[in-house]
Amino acid sequence: MHLYVHIPFCKQACHYCDFHFSTNTAGKQAMVEAIAAEISIRKSYLESSRLETIYFGGGTPSVLSKEELQLLLNTISDHFDIAASAEITLEANPDDLSQSKLEDLFEAGVNRLSIGIQSFNEPHLQFLNRAHSAHEAENCVRLAKQVGIDNISIDLIYAIPASDHSILHSDLAKAFELDVAHISAYCLTIEPQTVFGNWLRRKKIQPVNEEFAAEQFEILIDTLAANGYEQYEISNFARNQQYSRHNSSYWKQRPYLGIGPSAHSYNGTSREFNISNNAKYVESINSGHIPATIEELTAADMTNEYLLTGLRTKWGVDSDELDRLSKGKFAMLHQQELSNMKKNGWLKEESGTLVLTKSGKLFADRIASDLFID
Ligand code: SF4
């Protein structure tokens, strides 16, 4: 089973980010206590109490002190059986990762870091309003390895406006030099409720150029493949099968429990969404109530979610499973569509499994939504 813990604080707001976080850390201690309380209230949500993965996401979990992280991990181990081989990931920002911080994380049991590097280029970091410098981005990976955390993933952002692709090439070259196990690469998107969204409305920036973004995506796929990174999900690349076990469990529709404000949970038949408001979350948990809305999933929801996440992965989607989830509706509705997609070279079928081709990966979400059922 899989546990996600959302830490909703960041030092500063990145210009592109629409995740749930607050830059006011005054309530951090109360939040950590509420999260610990939610862990204990919800210990029976999953069928089994054995955890294969734990993921601290955010926000920025690396803003937690050693004591705060320890409190959360102790609470988890009081209520769950953490497998000896469990993957314990913490999202971190380079400016938090001093040697002593990394030693604390390693001692606490964190064995995988997902570091929000985004770029090794100083002007690009400033454009995104990241809190770290290019030097910190590079240095934290070396330090993490020195203290014994080898399983390192870095996030990179591509399609940042530039006159050519040289910065993307140099970002990738730096990642190869640092020999990280895993790279998550996301296209810059401009969401309305962000600083970039505001700048776009005021014409201070241009929309992301789709042609430029598609070129960068192809460069990513080819350069990463040539350097031994397998694209096992549209935005995720791993060397030597060092996949994110936690995120893979989402993509394979495994049940998980999400704790903290804005966290989601899934038990195989419904999803729960915790409130995205720090003060209301703490207040509700302190009165013994989980502030979540529950959505029972229909056959169409389950089929469409399976398509949307599964088609993005190298494991693809299984035709029998699609028929089971859709109660036979998928095969009835989409034979012609599937055959057109195969003819167009976007999709291939191998032993009953549908997988996107390289050209299909360029518009994965559109292909999935064309196959949705009502
Ligand atoms: S550090 Fe991460 S969560 Fe926080 S504002 Fe930046 S991108 Fe968003």
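Atoms within each ligand, like the ligands themselves, are counted from 1 in listed order.
Legend: residues meeting side-chain contact (heavy atoms from CB on, under 4.5 Å) with Asp164, ordered by chain and number and at least two apart, are Ser166. Tyr250 meets the ring pair (Phe, Tyr, Trp, His ring centres under 6.0 Å) test with His246, Tyr256; sequence neighbours excluded.
Counting only heavy atoms from C-beta outward, the side chains of Asn236 and Tyr186 approach each other to under 4.5 Å.
Taking a cut-off of under 4.0 Å to the non-hydrogen atoms of Tyr16, the atoms of ligand 1 that pass are 7 (S).
Ion pairing between a basic and an acidic side chain is recognised when a charged N comes within 4.0 Å of a carboxylate O; Arg130 and Glu136 show no such pairing.
Protein N/O/S atoms closer than 2.8 Å to atom 6 (Fe) of ligand 1, listed by chain and residue number, are Cys14 SG.
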Please report, to 0.1 Å, the donor-acceptor pairs under 3.5 Å made by any side chain of residues 102-116, with sequence neighbours excluded.
residue, atom, partner, partner atom, Å
Glu103, OE2, Gln99, NE2, 3.1
Asn111, OD1, Ile88, N, 2.7
Asn111, ND2, Ala86, O, 2.9

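Looking at His334, its side chain does come within 3.5 Å of a backbone N or O of Phe372 through a donor-acceptor pair.
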